[in-house]
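This report concerns only the one structure given below.
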Amino acid sequence: MKKFISLLTFFLIIGIDAQSQKNEPVKWNVQINNTEKENSKEILFTAQISGEWHLFGLQLPEGGPRATIFIFDKIEGATLSGNIQTLDRPIEEYNPLFEMNLKWYTQSARFIQKIDITPGSEKINIEGHIEYQACNNVTCLPPTRYNFTINDEIINKIISDEASVTLVTPKKQKEKNNIYQTAWKPVKQQMEMLGESPVSTKTTYSKAYINGFKGGLLSLLTPCLWPMVLMSIYSFQQQRTSRRQSILRTLLYSITLLIIFPVCGVILSTIFGIQIFYQFTTNLISNLFLFVLFVILAAFLLGAFHSSVINNRRAVRNIIGLSILVTLLSLSCTGSYIGSYLTQAAVLHPFYGPLLTLNGFISAFVLPLAIILFFVTWNPPTSKQAHRLLLLNRITGFFILAYSLTFLSIADLIYGKHIFNREIFLVLWIIIFSFLGVYLIGKLKFTHDKETTSISVGRFFLAVLTFSFTLYMVPGLLGAPLKEIGAIVPPLYAQDFNLYTKEFDNHFDNYNEGIEYANETDQPILLEFSGYGCAESRKMEASVWTYPRIKRMLDRDFVVIRLMVDDKTKLPKPEIISINGEQKSISTFGEKWQTLQQIKFDSKSQPYQVILTPKGEPLTPAYGYSIDIKQYITFLNDGLNRFKNK
């Protein structure tokens, strides 16, 4: 089984990467050419566009798709001469998808950027990226980034008549740099003056344990541990021989969990740091592993493996193995929000603090589980009780199979593969819950299920709810927000085909670009730190941001900047940022936005929203997770009124 999981994970990774390359409709080629002038060259950008796809032009009207933009992040040995120019005439037509006249290219497009060589330079080194969006007659892909690097040796040195040449940064570029530096300045004290309560960093050993205990209670509400609870109940009940044996096994199981979980957690946090729990939830390999593991657990609950997990001959060894599996699932599924408690606890002591927090966490899980196991194994199960437990296993199996798809979705969103989009996710969910409805009305039977000539009233009502939920998801295929399950399904921007209105016309996923746009339009900024794997952020965006009045305010009165702290997109080049005197090297956009949140707002939690001026000054205290519409409208109005008063 271990070899099977490893091979399946490997082929899934290869398949996702290959499919991503196959589905990319625009291929770029960049080269540098000589010109007639001795001290100048030109960079030729060529785009090969496949099939019925098209690439948008350099200038588009507001409210439309993303125009093609060429950004030069680093230039050594040369300076830009003029703006980027196109060599091919674009097609200009009315686009019914965006309801406006647009310019685009088909099959191929060529762009030229002239450069002047700096006198005395022997080498040209240019780094930058192209931001573009590809569409066809039906749908559009999300905005895409292509990074390029140009290195060219200058054989003939340029002799300048001038005695000395000084490179001067253009005035406009200096102004932009000043804006960016100001926008990164810490503002925690200003936010406290606006009414935000300072975060207390003081903690005690008792508080460390209580925080862990609260996290453990929250874990009982997540679907991650449901299959383990049912698997434990089913296995303990199947292998019951006496009350004494059941009590001893339950105690052994509980004690093993209380030992293995905190020890494994402390070892991992000591070796890799506390951030390992958050990184595990945003890692491609771990998400694919959890997907495969949950599919196997769903198969077990649906009857694929009839034998019990606990065997009488090897009960002790199997109980320890079950404890390790529960520990793995607990740390992987709930580590992202227990990480903040571990950080606070580590201030007390790097070993004993996290150990107490992890003990509190697992205690909150073990206590109710032990009570349930004592209760269900006290007496031998009747045939009716066994049938109900079997039915509960089957229903949970369907839910776990559906939930396993969220791990694929998170991996796809974080790495920007655009393979497992919202439509595919919803189609699979509709199929899974349709089969659950068919099972509940007795028209589907698994191995080891008994024949049923009739169904109970309770089972009938469950079937009605299941079919109703299945029909509720159908409009989501056309772009309906599906607010009730917005925390689980992929967000609207992960959907290719959408008949509903666009989500936001003034949305930015880059802080500097959003700041620049806000300064040009003189509008306040709604800044949100979010994450592809943050269920609370998804729920807020699906339930609150789509509310008509709020959506109108965000479209009309604000510049919306949404930064994903788990974005794995590589930066054009690694950056070094100093935090409290310590230099930190960052290589992805997610790390950059995490660092921005830490430096500017002294915060690491998501969702985290705040309204800023175009210069990056706060207008409101931070706004966390809440789906209260009135409260959110008040938050927006407060920020807007303070901006107008300023």
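All values derive from a computational prediction rather than experimental measurement. We're numbering straight along the sequence, starting at 1.
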Stepwise side-chain contact (heavy atoms from CB on, under 4.5 Å) check, Leu373 with Leu369: CA-CA 6 Å; Leu373 290 177; Leu369 177 62; 4.2 Å; yes
Is a donor on one side and an acceptor on the other found under 3.5 Å between the side chain of Asn211 and the backbone of Lys214? no
Go through Leu408 and Asn287 one step at a time and tell me if the side-chain contact (heavy atoms from CB on, under 4.5 Å) criterion holds. CA-CA 7 Å; Leu408 281 184; Asn287 276 284; over 6 Å; no
How close do Tyr209 and Leu356 get, counting heavy atoms only, and between which atoms? CD1-O, 3.5 Å
Say you draw a straight line from CG of Asn510 to CD1 of Ile561; how long is it, rounded to the nearest 0.5 Å? 8.5 Å
Leu563 vs Asp509, side-chain contact (heavy atoms from CB on, under 4.5 Å): CA-CA, chis, key distance, verdict: CA-CA 5 Å; Leu563 304 178; Asp509 56 7; 5.6 Å; no
Side chains of Gln606 and Glu528 only: does a donor on one sit below 3.5 Å from an acceptor on the other? no
Where is the tightest heavy-atom contact between Leu444 and Tyr439, given as atom of each residue plus distance? O-CD1, 3.1 Å
Measure the shortest side-chain to side-chain distance between Leu526 and Leu554 over non-hydrogen atoms and say whether it is less than 4.5 angstrom. yes
Do Ile485 and Phe469 have side chains that approach each other closer than 4.5 Å (heavy atoms only, starting at C-beta)? yes
Is the count of non-hydrogen atoms from other residues, nucleotides or ligands lying under 6.0 Å from Phe374 atom CZ greater than 12? yes
Mutual orientation of the aromatic rings belonging to Phe420 and Phe425 [parallel < 30°, tilted 30-60°, perpendicular > 60°]: perpendicular
Check Leu426 against Leu477 and note the closest heavy-atom contact, atom names and distance. CB-CD2, 3.7 Å
Which atom pair, heavy atoms only, marks the closest approach of Phe467 to Gly437? CZ-C, 3.4 Å
Taking side chain as C-beta onward, heavy atoms only, is Leu440 less than 4.5 Å from Ile455? no
Partners of Leu401 by side chain to side chain contact (heavy atoms under 4.5 Å, CB included), sequence neighbours excluded? Val295, Ala298, Ser404, Ile432
To the nearest 0.5 angstrom, please state how far the CH2 atom of Trp593 sits from the CG atom of Asp566. 13.5 Å
Under a 4.5 Å cut-off applied to non-hydrogen side-chain atoms, are Pro262 and Leu355 in contact? yes
For Arg459, all residues meeting salt bridge (charged side-chain N to carboxylate O under 4.0 Å, His left out), sequence neighbours excluded: none
Atom CZ of Phe399 with >12 non-hydrogen neighbours under 6.0 angstrom: no
Side-chain (Gln598) to main-chain (Gln594) donor-acceptor, under 3.5 angstrom: no
Rounded to the nearest 0.5 angstrom, the OG-CH2 distance for Ser434 and Trp429 is 13.0 Å
Looking at Phe460, I'd like to know if its CZ atom is crowded, meaning that more than 12 non-hydrogen atoms belonging to other residues, nucleotides or ligands lie closer than 6.0 Å. no
side-chain contact (heavy atoms from CB on, under 4.5 Å) for Phe213 and Thr357? Distances and angles first, verdict last. CA-CA 7 Å; Phe213 194 85; Thr357 300; over 6 Å; no
Start with the C-alpha distance between Phe398 and Phe433, add both sets of side-chain angles, then the distance that settles ring pair (Phe, Tyr, Trp, His ring centres under 6.0 Å), and finish with yes or no. CA-CA 7 Å; Phe398 280 103; Phe433 284 98; 8.1 Å; no
Using 0.5 Å steps for rounding, measure from the OH atom of Tyr403 to the CG atom of Leu297. 13.0 Å
Closest non-hydrogen contact found for Arg394 with Gly303 is NH1-N, 3.5 Å
For Ser409 and Leu405, indicate whether the former's side chain and the latter's backbone hold a donor-acceptor pair under 3.5 Å. no
Measure the shortest side-chain to side-chain distance between Leu462 and Ile395 over non-hydrogen atoms and say whether it is less than 4.5 angstrom. yes
When the ring centroid of Phe289 is compared with that of Phe407, is the distance short of 6.0 Å? no
Working to the nearest 0.5 Å, report the span between CD of Glu423 and CG of Leu478. 9.5 Å
Kindly indicate whether the side chain of Phe375, heavy atoms from C-beta on, has any atom under 4.5 Å from the side chain of Ile372. no
Heavy atoms of Gly624 and Met540 approach each other most closely as O-SD, 3.5 Å
Looking only at side-chain N and O atoms, does Asp567 offer a donor or acceptor that is under 3.5 Å from a partner on Thr569? yes
One should read off an interatomic distance between Asn393 CG and Ile400 CD1, to the nearest 0.5 angstrom, of 11.0 Å
For Lys443, I'd like to know if atom NZ has over 12 heavy atoms of other residues, nucleotides or ligands within 6.0 Å. no
Do Arg422 and Pro491 come close enough that some side-chain heavy atom pair is under 4.5 Å? no
Note, Phe529 side chain near Leu596 side chain (heavy atom, < 4.5 Å): yes
Pair Tyr623-Tyr632, ring pair (Phe, Tyr, Trp, His ring centres under 6.0 Å): steps then yes or no: CA-CA 9 Å; Tyr623 192 94; Tyr632 197 80; 5.1 Å; yes
